[in-house]
Amino acid sequence: MKLLPHEIAALVAHAVQAAQAAGDLPAFELPAIDIRPPKRPEQGDYAASVALALAKSAGMAPLEIANRIAKHVPSADFIGSVEIAPPGYINFRLSESWLKQQIETIIAEGESAFALDLGAGKRAQVEFVSANPTGPLTVGRTRGGVIGDSTARVLEAAGYEVEREYYFNNAGRQMRNLGNSLRLRYLQALGREVQLPDDDSFYQGKYLIDFANELVKEQGEALADADWQPFKDYAEKRMFEWIKTSLGRIQIRHDVFFNENSLYESGAIWQVLEELEERGYVYKAVLPEDADAEDKADNDGKGEAVWFRSTQFGDTKDRVLVKSSGEPTYTLPDIAYHANKIGRGFDLMVNILGSDHLVQAQVVKYGLMALGLDPSKVRVIINQMVLVMQDGKPVRGSTRRGIFDTLDDLVDETSPDAVRYLMLARSPDSQHTFDLDLAVKQSNDNPVYYIQNAHVRCAGIFREAAARGVSDEGADVGLLSADELRFIRKALELGEVIEVAARNLEAYRIAFYAQELAQVFHPIYDSVRALHSDVPPELQKARLRFYRAAQVVFKRVLTMMGMTAPDYM
RNA sequence: GCGCCCAUAGCUCAGUGGAUAGAGCAACGGUCUUCGGAACCGUCGGUCGGGGGUUCGAAUCCCUCUGGGCGCGCCA
């Protein structure tokens, strides 16, 4: 399918050159030509402001430049008219017959309508969620999950072959604490007297009590004398099942689960360390090289650690790769992990991270540079925190309490589609205040239903049409009027929206577009009746054809957001 | 103190240097209802946080101030 702004930009570029060749315009270098829909419909369907930008280099009034360019615009089947408007715009109107024909194009392309070749032949990987299996997914993680999966869907629409990956760590202190917490709950379930620690080392979540009861049922007292290990294994297994089920409820599924531990087992982290050392970016010391007097005073008697000289790449300070205990920090495997990803040959790698991981992402980038790898294919989307409000007060996103702050709670109280939409429909850069009371109370006024209702209405028409034995076959779309064309114009913007969303990794644009599209649709549905007895049979067919195309577009858009396209509501 | 992000209608938020800054919700008033009650139409609502600057043109780019968020571990 054509991307109209590109097509029109090509026409304008051609026109500028033709005008120069004809002596209507002086010689100058062709600037970037930006084509976009104007704000007001009376200004046409697409506008070029290039004449304004050229005023200086051409030494003429913008309106005159626009006039001379417009004169040379070649004809094209999709262009209806070209007009100029003060102070120097060139406005394009699409051909009505061409627009009507797009109805057939959309129907013919069906589920792949508006597919782009931006990423054709390219492989992309999106890594998201990546929560360690210590507890149920929180609302905060849900935002990253929705952004990640939606980004993956947008990239697929743009033509990429996309892999979804989940990076996790099932070793370390937190997992040991989890195992130990389950062990204590298990002993409790056996009726033993146990002391529960009240510090952060103990996971208080109710889910561990459930796991403990399951374990008693399965194993009886067999584990009564076991250490934390088998409990950690069991908790991890059940936690992952839970996480996958939760994600599945909102249509999220990962292709690859990558265990951080495999980087230890394969020796990859030590290879990375060696490589960094050979390249001179590593040193052993008690304190970083640039430590000031205060740091030195702070030194609390630790031994020598292995440092990464990240300051050479602009970091504010050097980072520890291996603690004085000999144990690597999180940074080293993280660098190794990204080196691994790059080694897998993706053309594009996207990381979805919370804002608290920003610095870590930068350090990883420096690490890749130090390894001589190109970090430009790794792109990071930082999403700001979700502040959960309940009863007008913030709810702490703590895994330990588990009161109405998990993905499951959110889905239970609203719906999978509402969660997908609400989490997507804002820029990742904006802090998201998620008012749970409002989300529950206002679920009926939610834009998600407004958008889905457009699809439902189309489906309803075809149910009724089938009941009456009316079909849209052999329709003459030429009979359609300005109302329907308004929708087709908006529908054709989808390609442009996907392009921008894919290029800039801004999946949320689909959500806003969907709302706009529904807003154009509903008034038309209100006035353009297909099956009313006043409507002549030929017009009836044409209108049915229109609604069929509308249904295709809404289904496409909803699917791209991981939402359902219901036939009933 | 330093780094990154944010500040636009009463609320939640869009806005890729271009024409008169938009939408939803809320509020108020209407219309529909033979495929529609999660619908449609209208009204109200703005010093784009403040101040400088760049530009033919700034909500958008730069500087600065104010106010919020997140980070600034030999945690992950």
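Every chain is numbered from 1 and lettered A, B, ... according to where its sequence line falls, protein lines coming before strand lines.
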Sugar-phosphate only, base, or nothing, as touched by A/Q43 at under 4.0 Å among non-hydrogen atoms: base
Check: A/F257 ring centre within less than 6.0 Å of A/Y166 ring centre: yes
Exceeds 12 heavy-atom contacts within 6.0 angstrom, atom NZ of A/K365: no
Identified pairing partner of B/A14, criterion: Watson-Crick or G-U wobble below 3.5 Å: none
For B/G36, glycosidic torsion class - syn if within 90° of 0, otherwise anti: syn
Sugar-phosphate only, base, or nothing, as touched by A/E327 at under 4.0 Å among non-hydrogen atoms: nothing
Identity of whatever pairs with B/G57 - Watson-Crick or G-U, under 3.5 angstrom: none
Closest nucleotide among B/C74, B/A19, B/G15 to the A/A47 side chain: B/A19
Integer-rounded Å distance: B/C72 P and A/Q362 CD: 13 Å
Proximal nucleotide (of B/A39, B/A76, B/G15) relative to the A/Y508 side chain: B/G15
Parallel, tilted or perpendicular: ring planes of A/Y167 versus A/F258, cut at 30 and 60 degrees: tilted
Sugar-phosphate, base or nothing in reach of A/N91, heavy atoms under 4.0 Å: base
Touch class at under 4.0 angstrom, heavy-atom based, for A/R40 against every strand present: base
Residue matched to B/C74 through Watson-Crick or wobble contacts both under 3.5 angstrom: none
Touch class at under 4.0 angstrom, heavy-atom based, for A/A55 against every strand present: nothing
Among B/A38, B/C35, B/A39, the one nearest A/D526 by side-chain distance: B/A39
Candidates A/E484, A/E496, A/E516 - the one meeting salt bridge (Lys or Arg N to Asp or Glu O under 4.0 Å) with A/K490: A/E516
Integer-rounded Å distance: B/G36 P and A/Y547 OH: 12 Å
Short side-chain donor-acceptor distance under 3.5 Å, A/E236 and A/N170: yes
Basic-acidic side-chain contact under 4.0 Å: A/E127, A/K341: yes
Sugar-phosphate only, base, or nothing, as touched by A/A467 at under 4.0 Å among non-hydrogen atoms: nothing
N or O in side chain of A/Q519 less than 4.0 angstrom from B/G24 OP1/OP2: yes
B/C35 OP1/OP2 closer than 4.0 Å to side-chain N/O of A/R543: no
Comparing A/S355 and A/E506 on RNA chain B - which has the more 5′ nearest nucleotide: A/E506
Sugar-phosphate, base or nothing in reach of A/N132, heavy atoms under 4.0 Å: sugar-phosphate
Watson-Crick or G-U counterpart of B/A7, or none if no pair lies under 3.5 Å: B/U66
N or O in side chain of A/K39 less than 4.0 angstrom from B/G15 OP1/OP2: no
Parallel, tilted or perpendicular, as decided by the 30° and 60° cut-offs, for the rings of A/F240 and A/F168: perpendicular
Touch class at under 4.0 angstrom, heavy-atom based, for A/R36 against every strand present: base
Rounded distance in Å - CZ (A/F521) to P (B/C41): 13 Å
A/Y525-B/C35 aromatic stacking (under 5.5 Å, under 30°): yes
Among B/A76, B/C35, B/A39, the nucleotide that comes nearest once only the side chain of A/Y450 is considered: B/A39
Short side-chain N/O contact from A/K317 to OP1 or OP2 of B/G73, under 4.0 Å: yes
Rounded distance (Å) that lies between atom C1' of B/C25 and atom CD of A/Q515: 11 Å
Base of B/A7 paired with side chain of A/D429 (donor-acceptor, under 3.5 Å): no
Sugar-phosphate only, base, or nothing, as touched by A/S324 at under 4.0 Å among non-hydrogen atoms: base
Mutual orientation of the aromatic rings belonging to A/Y525 and A/Y547 [parallel < 30°, tilted 30-60°, perpendicular > 60°]: perpendicular
Short side-chain N/O contact from A/S430 to OP1 or OP2 of B/A14, under 4.0 Å: yes
Mate of B/U43 where both pairing distances stay under 3.5 Å, Watson-Crick or G-U: B/A27
Sugar-phosphate, base or nothing in reach of A/R457, heavy atoms under 4.0 Å: base
Nearest-nucleotide pick for A/M569, side chain only, options being B/G71, B/A38, B/U55: B/A38
Between B/G22 and B/U43 - P atom distance, rounded Å: 13 Å
Spacing of A/I382 atom CD1 relative to B/C72 atom P, expressed in whole Å: 13 Å
Sugar-phosphate, base or nothing in reach of A/T316, heavy atoms under 4.0 Å: nothing
Sugar-phosphate, base or nothing in reach of A/L358, heavy atoms under 4.0 Å: sugar-phosphate
Proximity to the side chain of A/R426 - top-ranked nucleotide from B/A76, B/C13, B/A19: B/C13
Integer-rounded Å distance: B/A14 P and A/N504 CG: 15 Å
For B/A21, the Watson-Crick or wobble counterpart (both distances under 3.5 Å): none
Polar side-chain contact A/Q431-B/G68 base: donor and acceptor under 3.5 Å: yes
A/K284 NZ - B/C74 P separation (whole Å): 16 Å
Distance, rounded to the nearest Å, where A/Q540 contributes CD and B/C35 contributes P: 12 Å
Phosphate OP1/OP2 of B/C25 contacted by A/Y449 side-chain N/O (<4.0 Å): no
Strand partner of B/A38, provided both Watson-Crick or wobble distances fall under 3.5 Å: none
Sugar-phosphate only, base, or nothing, as touched by A/P38 at under 4.0 Å among non-hydrogen atoms: base
Between A/S150 and A/R420: side-chain donor-acceptor atoms closer than 3.5 Å: yes
Proximal nucleotide (of B/C41, B/C35, B/G15) relative to the A/P523 side chain: B/C41
Of the listed nucleotides B/C5, B/A14, B/U20, the one nearest the side chain of A/Q384: B/C5
Side-chain donor/acceptor of A/R529 to base of B/G36, under 3.5 Å: yes
Which residue lies more 5' along RNA chain B, comparing A/S527 with A/H357 via nearest heavy atoms: A/S527
Sugar-phosphate, base or nothing in reach of A/V500, heavy atoms under 4.0 Å: nothing
Carboxylate-amine/guanidinium proximity below 4.0 Å for A/R36 and A/D34: yes
